[in-house]
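One-based numbering, in listed order, for ligands and for the atoms of each. Note that the structure is predicted; figures quoted are calculated from it, not measured.
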Amino acid sequence: MNRSSQEPDPALPRRVLRPARPAGTRVTVGAVEVGGAAFVVAAGPCAVETPAQLSEAAAAVASAGAHLLRGGLFKPRTSPYAFQGLGEPGVALLERARSRHSLGLVAEVLDTEQLASLIDHVDMLQVGARNMQNFTLLKALGKVRRPVLLKRGLAATFSEWLLAAEYLLDGGNEQVILCERGIRTFESATRNTLDLASVALAKARTHLPVMVDPSHATGNRELVIPMALAAAAAGADGLLVEVHPRPEEALCDGAQALTPDMFEDLMRRLPAVLHAVGRSLHARPVPAANVRVL
Ligand code: PEP
Ligand code: MN
């Protein structure tokens, strides 16, 4: 069948491309804006494990200057025998950390059933790499009014990633942030291969903010700081970083978790790199207890 030359090509994204919003999109997550001049850092454990683990992690990342707290409640694990996450009972732990430290919350939603238990409790819903082409989930998230962090699929091309974002915008949700987290290549020395060229390309071709996850991209805590700094230099709008108070005890992704000291070091080193590319670190949201009502 011949398509008329008038019809747009269905294989090409439309709404996510830069000409649709030349000035760029800014996405408000909790008390911070992603996609402006200021760089935003989301940090926290791969998975919410225990009350003590989460409260220590939240205190550490907040005092080092993070803006958002990440923590998975529902974990997409390769093995069915691995820790699957605390599920809904973990929501209260995240909410306590948010109110103590003024940290917006980012958590992954694996399917449409979990959406109801997360939507009113987190500030941004994460779509994991394994779910980038879960079109039923993308359509459901297109209908909600909550920011979505869309991870790039393990083996997704740049254009497949953009078309997945297109589902969200086409469904009516314009609060979308792309997240590069490494792709699978022939290289086995690192967990994945961090594709920073696609970060620069996404910034040029789309109007969406782009974050980088150097933790899943490398799988090795020694590589996280250099890749996080490189992401900032490449034009990313923010980071999603795994931090655990005691990585050796982590139930998930311990090898790539930064210790609190390493995270502090990263936060100390980021401003100089950001300054070199005309950006700055976002101000820390003021804790509610310190806001004086005049
Ligand atoms: C995560 O952020 O914890 C996660 C599972 O990431 P990804 O979907 O990128 O593997
Ligand atoms: Mn993880």
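Side chains of His216 and Glu242: a donor on one and an acceptor on the other come within 3.5 Å. Residues Arg191 and Gln256 have side chains that bring a donor and an acceptor to within less than 3.5 angstrom of each other. Side-chain polar atoms of His282 and Glu33 form no donor-acceptor pair below 3.5 angstrom.
Take the Mn ion (ligand 2) and draw a sphere of radius 2.8 Å; the protein N/O/S atoms inside it number 4.
Below 3.5 Å of separation, one finds no N or O of Glu108 facing any N or O of ligand 1. For ligand 1, the polar-atom distance check finds an N/O of Arg70 within less than 3.5 Å of one of the ligand's N/O atoms.
No donor-acceptor pair under 3.5 Å is formed between the side chain of Ser198 and the backbone N or O of Leu201. With Arg146 contributing its side chain and Met124 its backbone, the two residues share no donor-acceptor pair below 3.5 Å. Proximity of a side-chain donor or acceptor of Arg77 to a complementary backbone N or O of Tyr81 within less than 3.5 Å is not detected. A donor-acceptor distance shorter than 3.5 angstrom exists from the side chain of Glu166 to the backbone of Val16, with no hydrogens or angles considered. For Asn131 (side chain) and Leu110 (main-chain N/O), a donor-acceptor pair under 3.5 Å exists by modelled atom type.
Listed by number with element, the atoms of ligand 1 under 4.0 Å from a non-hydrogen atom of Gly128 are 8 (O). Taking every non-hydrogen atom of Ala129 and a distance limit under 4.0 Å, the qualifying atoms of ligand 1 come out as 7 (P), 8 (O), 9 (O). Close approach to Arg130 involves these atoms of ligand 1, each under 4.0 Å from a residue heavy atom: 7 (P), 8 (O), 10 (O). For ligand 1 and Glu242, the ligand atoms under 4.0 Å from any heavy atom of the residue are 3 (O). Atoms of ligand 1 found under 4.0 Å from any heavy atom of Arg181, numbered from 1 in the order shown, are 7 (P), 9 (O), 10 (O).
Contact between Lys75 and ligand 1 is present, with at least one heavy atom of the residue lying under 4.0 Å from the ligand.
Counting only heavy atoms of the protein, atom 7 (P) of ligand 1 lies nearest to Lys151 NZ, 3.4 Å. The nearest protein atom to atom 4 (C) of ligand 1, hydrogens excluded, is given as His216 NE2, 3.4 Å; this is a heavy-atom distance.
Take Phe158 and apply the ring-ring contact (aromatic ring centres under 6.0 Å, His included) test, not counting sequence neighbours, and it matches no residue.
Between Asp123 and Arg98 there is a salt bridge, since a side-chain N of the basic residue sits under 4.0 Å from a carboxylate O of the acidic one. Taking 4.0 Å as the cut-off between side-chain N and carboxylate O, Lys151 and Glu108 do not count as a salt-bridged pair.
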